[in-house]
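Have a look at the structure below, then the notes.
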Amino acid sequence: MNPELLAAIQDNSAWLERFNRRDYAGAFRAYTERFAPAYTEAVRAAGGEETALAALADRLLDALEAGWKRQRVWNRSAVRVNDKQMVVEYLSPMLLELEPDCPRFAELLRDRWAARWPKDAYRTASHAKILGGFRFTILGFEMPKSFTDPDQEQ
């Protein structure tokens with residue numbers, strides 16, 4: 001397994017702390033610049049065949065599972081949750097934006113994850129949809145749409 005593909009999921013502390021309304025757009029751009037070439041190359045090397053893409057997804061999930069098993073028992077769940085967050089918040093949206101076979105790989109990865117861990121399945125969403133899901137709140141109160149967001153990019 002290519003270590004860069006795993007690093008996109010397992011080296012997650014810097015990325016997860018930037019998953020907020022203000023930082024996510026910039027973090028996603030930086031994540032894409034760093035990891036898109038490795039995933040594009042891996043998908044291209046698979047040749048676009050469904051079985052080869054599924055095998056790549058299986059190898060990636062095998063490596064993630066092996067990483068979880070190497071963790072101490074009391075830390076496994078937290079590591080698994082963080083890895084899943086990276087797949088949902090960064091990896092899948094990035095793959096959906098890449099061409100040509102990367103969106104299909106994102107779907108296969110999601111389906112293979114659901115087949116292995118059906119109680120822990122996830123849904124994919126585009127970067128724009130995730131970015132649009134952040135609420136603008138002040139002290140926990142959601143501001144109305146008519147209120148101007150000073151941090152919103154123009």
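Index from 1, following the sequence.
In terms of modelled atom types and a separation under 3.5 Å, the side chain of Tyr24 and the main chain of Glu89 share a donor-acceptor contact. One N or O on the side chain of Arg76 and one on the backbone of Gln71 form a donor-acceptor pair closer than 3.5 Å.
Partners of Ala36 according to the side-chain contact (heavy atoms from CB on, under 4.5 Å) rule, which considers only residues two or more places apart in sequence or in another chain, are Thr32, Met94, Leu98. With sequence neighbours excluded, the residues that form a salt bridge (charged side-chain N to carboxylate O under 4.0 Å, His left out) with Asp62 are Arg116.
The cationic group of Arg34 does not satisfy the cation-pi geometry with Trp15, failing either the under 6.0 Å distance to the six-membered ring centre or the 45° limit from the ring axis.
From Leu56, atom CG reaches atom CZ of Arg112 across 11.0 Å, with rounding to the nearest 0.5 Å. From Leu96, atom CG reaches atom NZ of Lys129 across 11.0 Å, with rounding to the nearest 0.5 Å. The CG atom of Asn20 sits 4.0 Å away from the CG atom of Asp23 when rounded to the nearest 0.5 Å. Taking CG of Asn12 as the reference point, atom CD of Glu17 lies at 10.5 Å (rounded to 0.5 Å). Summarising the geometry, atom CD belonging to Glu107 is positioned 11.0 Å from atom CG belonging to Leu109; distances are rounded to the nearest 0.5 Å. Once rounded to the nearest 0.5 Å, the distance linking CD of Gln10 with CE of Met86 reads 10.5 Å.
Side chains of Thr124 and Val88 form no contact here, defined as non-hydrogen atoms less than 4.5 Å apart. The shortest distance between side-chain heavy atoms of Gln85 and Tyr122 does not fall below 4.5 Å. For the pair Ile9 and Leu60, the minimum side-chain heavy-atom distance is below 4.5 Å. The side-chain heavy atoms of Asp11 and Phe35, taken from C-beta on, include no pair separated by under 4.5 Å. Contact of the Tyr39 side chain with the Leu91 side chain is registered, since non-hydrogen atoms from C-beta on lie closer than 4.5 Å. Pro93 is listed as a side-chain neighbour of Ile130, based on a closest heavy-atom distance under 4.5 Å.
Closest non-hydrogen pair, His127 versus Ala25, comes out as CE1-CA, 4.2 Å. Across all non-hydrogen atoms, the minimal contact from Pro118 to Ala115 is CD-O, 4.0 Å.
Salt-bridge annotation for Arg44 and Asp101: absent, with no side-chain N of the basic residue lying under 4.0 Å from a carboxylate O of the acidic one.
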Let's go through Tyr31 and Phe19 carefully: what are the C-alpha distance in whole Å and the side-chain angles of both, what is the deciding distance for ring-ring contact (aromatic ring centres under 6.0 Å, His included) to 0.1 Å, and is it a yes or a no?
CA-CA 12 Å; Tyr31 180 88; Phe19 186 70; over 10 Å; no
Verdict with supporting geometry, Lys84 and Trp113, side-chain contact (heavy atoms from CB on, under 4.5 Å): CA-CA 10 Å; Lys84 182 180 176 185; Trp113 182 293; 3.9 Å; yes
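Residues Val81 and Leu16 do not share a hydrophobic cluster, defined by chaining ILVMFWY side chains whose heavy atoms lie under 4.5 Å apart.
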Name every donor-acceptor pair, under 3.5 Å, that has one atom in a side chain of residues 46-54 and the other anywhere in the protein, sequence neighbours excluded.
residue : atom : partner : partner atom : Å
Glu50   : OE1  : Arg104  : NE           : 3.4
Glu50   : OE2  : Arg104  : NH2          : 2.4

